[in-house]
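Each chain gets a letter, A, B and so on, in the order its sequence line appears, and its residues count up from 1. All values below come from the heavy atoms of this structure, side chains included, with hydrogens, waters and symmetry mates left out.
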4 protein chains.
Amino acid sequence: MGGTMDRTKQQRRGNTRQRIQDVALELFAEQGYEKTSLREIAEHLDVTKAALYYHFKTKEEILVSVYDDLTQPILDLIEWGRQQPHTLETKQEIIRRYSEILSGATKLFRFMQENQATVRELRIGETFKERMQGLREIVVDPDADLVAQVRSVSALFTLHAGMFLLQDLDGDQESKRKAVLEVATDLITQAHGGGGDE
Amino acid sequence: MGGTMDRTKQQRRGNTRQRIQDVALELFAEQGYEKTSLREIAEHLDVTKAALYYHFKTKEEILVSVYDDLTQPILDLIEWGRQQPHTLETKQEIIRRYSEILSGATKLFRFMQENQATVRELRIGETFKERMQGLREIVVDPDADLVAQVRSVSALFTLHAGMFLLQDLDGDQESKRKAVLEVATDLITQAHGGGGDE
Amino acid sequence: MGGTMDRTKQQRRGNTRQRIQDVALELFAEQGYEKTSLREIAEHLDVTKAALYYHFKTKEEILVSVYDDLTQPILDLIEWGRQQPHTLETKQEIIRRYSEILSGATKLFRFMQENQATVRELRIGETFKERMQGLREIVVDPDADLVAQVRSVSALFTLHAGMFLLQDLDGDQESKRKAVLEVATDLITQAHGGGGDE
Amino acid sequence: MGGTMDRTKQQRRGNTRQRIQDVALELFAEQGYEKTSLREIAEHLDVTKAALYYHFKTKEEILVSVYDDLTQPILDLIEWGRQQPHTLETKQEIIRRYSEILSGATKLFRFMQENQATVRELRIGETFKERMQGLREIVVDPDADLVAQVRSVSALFTLHAGMFLLQDLDGDQESKRKAVLEVATDLITQAHGGGGDE
DNA sequence: TATGAATGAGCCTTCATTCAT
DNA sequence: TATGAATGAAGGCTCATTCAT
């Protein structure tokens with residue numbers, strides 16, 4: 001009986017859940033959450049829609065599961081950051097590590113970036129906002145002047161955006177990431193120094 | 001007769017098209033494009049769905065019309081920018097003017113920002129990309145080093161993002177805009193100066 | 001003021017009704033009745049849908065008016081036929097005249113032929129059926145054997161079908177009509193003679 | 001369990017697809033393709049519209065599937081005819097067999113006959129035209145004179161039309177079919193003999 | 001560990017028609 | 001002799017979800 005199962009089916013055994021997550025993320029990132037139907041995901045995997053429901057309770061839960069798996073490092077980073085003194089060095093290190101995290105799950109973060117309107121209405125929306133808030137609290141000094149605060153936020157955001165907006169620029173992926181990181185680090189450094197004009 | 005028509009209906013006459021655009025933008029920005037149905041728009045206006053189709057050929061066309069009306073200033077800005085020498089002053093002026101344009105149509109740009117995945121598949125997607133490209137060409141020096149280029153792009157992007165990401169920060173709208181503008185101007189200035197590490 | 005009216009508008013004066021009929025028949029014949037919308041007709045004429053309603057009460061009435069105008073000759077033919085003795089000569093003459101009538105309003109008859117399902121549900125459906133019945137009564141001898149009756153009906157039908165089904169055959173329109181007429185005449189003649197096998 | 005399901009639902013299991021085809025053909029033939037809505041079909045079957053879409057991708061595909069199932073015999077006939085010498089006997093046999101095929105799927109062919117305008121725009125339109133062309137090529141001698149060719153085409157067409165146009169005539173279905181077949185056979189025979197006047 | 005069959009809600013769109021001007 | 005604006009009904013289709021097997 002097992003012998004009649006061909007290689008493809010055999011490989012599939014036991015990791016369908018993972019495969020669903022992979023395909024889903026791929027499609028969500030490419031086409032957006034709403035434009036990606038469960039039918040489409042199922043077809044890509046050569047299973048039925050009902051199979052998806054064996055592994056996940058809803059469409060949203062597929063996304064949530066991917067999100068949870070891939071953003072754990074951010075939680076860890078925040079955890080770590082909270083226990084450090086809020087020195088410039090800490091902030092720079094946060095920026096550095098965050099840059100690495102982002103490039104470790106490009107697809108997900110691209111998805112989050114491009115589907116904000118959708119994500120806002122989903123469970124992960126709130127969660128993500130909280131995490132960003134968590135990062136901010138470490139990186140932004142609430143007593144600094146407005147310009148300094150903006151600079152800090154801009155540092156975080158430059159990292160985020162960098163991944164997608166630089167696609168048209170020349171240069172290999174890694175050196176672009178380095179450049180982005182440098183700009184972000186500069187921003188955070190300037191913000192720490194003083195911020196405004198003086 | 002005519003007198004039997006109540007105020008509400010009368011006011012409506014002749015500006016339904018405009019009202020559709022307003023409500024649509026409002027809802028698109030709030031809930032996203034896909035999540036906003038024509039039924040919903042129609043209900044907000046107290047007309048039937050079919051009335052929308054008298055004024056616009058498709059759902060997409062409603063968006064396009066809003067987009068065209070509201071982004072004309074960007075076209076003008078690009079036009080202007082192209083005729084200037086690419087000096088630092090020009091770039092700073094571009095940044096300044098772009099900041100003003102953005103804050104003149106917050107809803108639309110928030111929509112564009114938060115619905116990138118959707119927008120990418122629509123007609124306006126390509127258009128918008130082209131315009132951004134147009135701005136970049138003026139502001140980014142292709143011969144500068146990578147870091148300088150990133151800084152320039154980051155300037156543009158900081159403007160974009162600034163409008164939404166700063167909502168949780170203290171301060172009134174206008175002073176926040178000023179702060180964002182300052183950071184962006186700094187970025188463009190540094191980029192022009194040299195860019196990198198020296 | 002009349003002087004500002006250009007040639008096109010001027011020509012239009014007073015014959016809009018006729019132009020509606022022409023365009024409508026053209027489109028009905030080409031695309032079918034249901035697939036042709038009033039919007040389409042109006043656009044072809046460069047007027048609004050509402051203008052059509054000034055001239056005709058309903059979509060169906062446009063068709064009815066065309067039908068009535070163009071099938072009057074059939075009524076006349078039936079009238080004439082009823083007053084003749086049901087001799088072979090009469091039948092042959094009916095066939096001959098009917099052939100002429102058909103080729104005088106090809107579009108309408110093509111329409112009738114190709115939209116039977118639709119036409120059946122319209123007012124003209126019943127009317128047309130009656131007229132065909134009228135022709136039959138003259139041409140088909142109810143006392144003849146079944147085969148003879150079929151031959152007679154086939155004669156009529158061959159005329160009908162001939163117009164459309166022969167489009168792929170070689171030869172000019174007129175000589176094809178002659179050929180069809182000859183076959184139909186033969187059929188009616190054989191039917192009259194005896195019909196069956198003997 | 002299982003016992004709680006009433007007879008009706010139980011019967012339904014596993015043959016819904018077939019039932020859709022049956023009901024659809026019935027309604028298409030009766031009211032025409034466009035006038036028959038999916039809602040109507042669904043209601044006749046006591047299922048939802050969405051159920052139809054589980055079994056067929058589009059409305060058109062329902063028709064196509066019926067068409068394909070029911071016109072396979074024509075393909076076989078053409079196949080057979082092509083391998084025979086184009087003698088009179090072959091032609092007569094084609095006519096005979098075609099007559100049988102037609103009376104084996106009356107509803108479909110009535111539908112095709114009465115919805116030509118619609119069918120022309122559908123996928124089956126082209127297909128059907130090709131098949132008719134296939135039959136013609138066997139039955140019509142391209143070197144014969146025009147009248148002979150018309151006679152041949154008329155033979156085919158008389159068969160087609162015979163099924164519907166004779167409904168008002170007396171006589172049972174089968175003897176009418178025989179009569180029609182005889183007339184068609186005569187036509188094909190005369191066409192083969194010479195055709196014209198001599 | 002999946003599938004086959006179906007549902008209910010909703011979507012975008014089109015249509016014939018109306019009516020005040 | 002027309003138009004501008006709108007309506008109500010319906011149509012085809014897609015989607016996330018369910019459930020018995």
Problem - Reported CD1-to-CG distance for the pair I41(B) and L25(B), which is rounded to 0.5 angstrom - result: 10.0 Å

Nearest of [options] to any side-chain atom of [X]?
X: T58(C); options: dT17(E), dA6(F), dC11(E); result: dT17(E)
X: K59(C); options: dT17(E), dA5(F), dA6(E); result: dT17(E)
X: A50(B); options: dG4(E), dG10(E), dT14(E); result: dT14(E)
X: T48(A); options: dT17(E), dA5(E), dG4(E); result: dG4(E)
X: Y54(A); options: dT3(E), dA5(F), dT1(E); result: dT1(E)
X: Y53(D); options: dA2(F), dG12(F), dA6(F); result: dG12(F)
X: L38(C); options: dA5(E), dT17(E), dA2(F); result: dT17(E)

Exercise for the section: Step by step, work out the side-chain contact (heavy atoms from CB on, under 4.5 Å) result for F28(A) and N115(A). Expected result: CA-CA 9 Å; F28(A) 287 163; N115(A) 291 268; over 6 Å; no

Reckon [X] has a side-chain N or O less than 4.0 Å from the OP1 or OP2 of [N]?
X: H55(B); N: dG4(F); answer: no
X: R39(C); N: dC15(E); answer: yes
X: S37(D); N: dA10(F); answer: no

Problem - Residue closer to the 5' end of DNA chain F, K49(A) versus K35(D) (nearest nucleotide) - result: K35(D)

Exercise for the section: Report yes or no: does K129(D) contribute a side-chain atom to a donor-acceptor pair with the main-chain N or O of I124(D) at less than 3.5 Å? Expected result: no

Exercise for the section: Sort out the partner of dC15(F) for me: Watson-Crick or G-U wobble, both distances under 3.5 Å, none otherwise. Expected result: dG8(E)

Handout entry: Salt-bridge contact R120(D)-E126(D) (side-chain N to carboxylate O under 4.0 Å)
Key = no

